[in-house]
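Since the structure is predicted, the reported quantities are computational estimates derived from the model, not experimental observations. When reading the values below, keep in mind they use all heavy atoms of this one structure, side chains included, and skip hydrogens, waters and symmetry mates.
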Amino acid sequence: DESVGVAELARNNRKLFKLLLAEEKKAHENWKAGDRHKRLVEELQPALDHGKKDLAASKLQLQEAKKEVARLEGDKGDILALRADQEAKEAEHREVLQGKEMEIDLLQKNLTSKEEDLQTLRSNLTSSQALAEEMTRQLEIEKEKVQRLEA
């Protein structure tokens, strides 16, 4: 029985030893992680400080921007009146532009018609020239006949 108790104690001691080794390993890993964390904090601290300064500067800029927005909102009525006036002028310009576009369309139609008339005249001129040449040849032939008859 004593040997069973001793064996049980030895087994428990081995288990405890294994648990102790595991705890030591965990403690070592935690120590390494803490060391890494400390180094990381040290590395990031300047960036954090810089970020805090940037945040403070941004807050000041935001305050200035809010003041500017308030000032601009005060001018909003004037801006809206100017915008309405501009829109009215744009509408007037659109109407004038539409009139001009209609005039251009009419002029283009007239130009197309004139070009077609010109093409017809050119065609007629070509036909007339061909007819005149033919008549001139016929006249030459008739002159030659008359000269032969007179001779």
Side-chain angles (χ1 to χ4, degrees), residues 4-143:
V4 170
V6 171
E8 183 73 23
L9 259 167
R11 193 168 10 110
N12 284 341
N13 282 343
R14 283 192 294 277
K15 284 182 182 177
L16 285 173
F17 181 73
K18 287 179 183 179
L19 288 173
L20 178 63
L21 287 178
E23 286 299 316
E24 281 183 355
K25 185 176 179 182
K26 283 181 191 176
H28 183 70
E29 292 298 320
N30 286 340
W31 175 79
K32 285 177 14 181
D35 193 42
R36 281 192 306 268
H37 177 71
K38 182 181 175 186
R39 273 187 266 128
L40 184 60
V41 167
E42 289 171 354
E43 289 174 6
L44 295 176
Q45 190 63 44
L48 176 63
D49 294 341
H50 184 68
K52 286 179 180 179
K53 288 178 186 175
D54 286 348
L55 178 61
S58 294
K59 285 181 179 179
L60 286 174
Q61 288 176 345
L62 178 60
Q63 289 174 352
E64 293 299 318
K66 284 181 179 180
K67 288 178 186 176
E68 182 66 13
V69 166
R71 185 187 69 76
L72 290 174
E73 285 179 351
D75 295 340
K76 190 175 185 178
D78 293 339
I79 292 169
L80 291 175
L82 288 172
R83 183 178 290 156
D85 185 47
Q86 181 182 2
E87 288 173 355
K89 286 180 182 177
E90 286 176 357
E92 183 181 324
H93 289 152
R94 278 192 295 273
E95 288 176 18
V96 169
L97 180 61
Q98 286 174 344
K100 294 296 180 184
E101 287 174 343
M102 289 173 60
E103 287 178 27
I104 288 171
D105 286 344
L106 182 60
L107 288 172
Q108 285 177 334
K109 288 176 184 175
N110 286 340
L111 177 61
T112 301
S113 174
K114 296 296 181 192
E115 287 173 342
E116 289 170 356
D117 290 347
L118 180 59
Q119 187 63 31
T120 301
L121 288 172
R122 284 183 179 152
S123 176
N124 290 344
L125 177 62
T126 302
S127 297
S128 294
Q129 286 174 336
L131 184 60
E133 288 174 5
E134 181 61 30
M135 290 176 79
T136 302
R137 272 193 304 243
Q138 291 294 329
L139 183 61
E140 289 296 322
I141 293 170
E142 290 300 319
K143 279 184 186 179

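Taking His50 as the reference, Asp54 meet the side-chain hydrogen bond (donor to acceptor under 3.5 Å, both in side chains) condition, with sequence neighbours excluded. Every residue two or more places apart in sequence or in another chain was checked for a salt bridge (Lys or Arg N to Asp or Glu O under 4.0 Å) with Glu87, and none qualifies. For Val6, the side-chain contact (heavy atoms from CB on, under 4.5 Å) test picks out no residue, with sequence neighbours left out. Taking Lys26 as the reference, Glu23 meet the salt bridge (Lys or Arg N to Asp or Glu O under 4.0 Å) condition, with sequence neighbours excluded. Residues passing the side-chain hydrogen bond (donor to acceptor under 3.5 Å, both in side chains) test with Gln61: none are found, sequence neighbours excluded. Under the side-chain contact (heavy atoms from CB on, under 4.5 Å) criterion, Lys52 pairs with Leu48, sequence neighbours left out. Shown here are the side-chain contact (heavy atoms from CB on, under 4.5 Å) partners of Glu24, two or more places apart in sequence or in another chain: Leu20, Leu21. Evaluation of the side-chain contact (heavy atoms from CB on, under 4.5 Å) rule for Arg137 yields Glu134 as partners, not counting sequence neighbours. Applying the side-chain hydrogen bond (donor to acceptor under 3.5 Å, both in side chains) test to Arg39 and every residue at least two apart in sequence or in another chain returns Asp35.
Between atom CD of residue Gln86 and atom CD1 of residue Ile79 there is a gap of 12.0 Å, rounded to the nearest 0.5 Å. To the nearest 0.5 Å, atom NE2 of residue His28 and atom CH2 of residue Trp31 are 6.0 Å apart. The CG atom of Asn30 lies 12.5 Å from the NE2 atom of His37; values are rounded to the nearest 0.5 Å.
Residue pairs satisfying the salt bridge (charged side-chain N to carboxylate O under 4.0 Å, His left out) criterion with at least one member in residues 55-79, sequence neighbours excluded, are listed as follows: Glu64-Lys67, Glu68-Arg71, Arg71-Asp75.
Between Leu80 and Arg83 the shortest side-chain heavy-atom distance falls below 4.5 Å. Contact annotation: the side chain of Arg36 never approaches that of Leu40 to less than 4.5 Å [non-hydrogen atoms, C-beta and beyond]. Side-chain contact check for Glu8 versus Asn12: some heavy-atom pair is nearer than 4.5 Å.
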Using a 3.5 Å cut-off and no angle test, enumerate the donor-acceptor pairs between side-chain atoms of residues 92-112 and protein atoms at least two apart in sequence or in another chain.
residue	atom	partner	partner atom	Å
His93	ND1	Lys89	O	3.3
Thr112	OG1	Gln108	O	2.9

Between side-chain atoms of residues 116-130 and protein atoms elsewhere (two or more places apart, or another chain), which donor-acceptor pairs fall under 3.5 Å?
residue	atom	partner	partner atom	Å
Thr120	OG1	Glu116	O	3.0
Thr126	OG1	Arg122	O	2.8
Ser127	OG	Ser123	O	3.1
Ser128	OG	Asn124	O	3.0

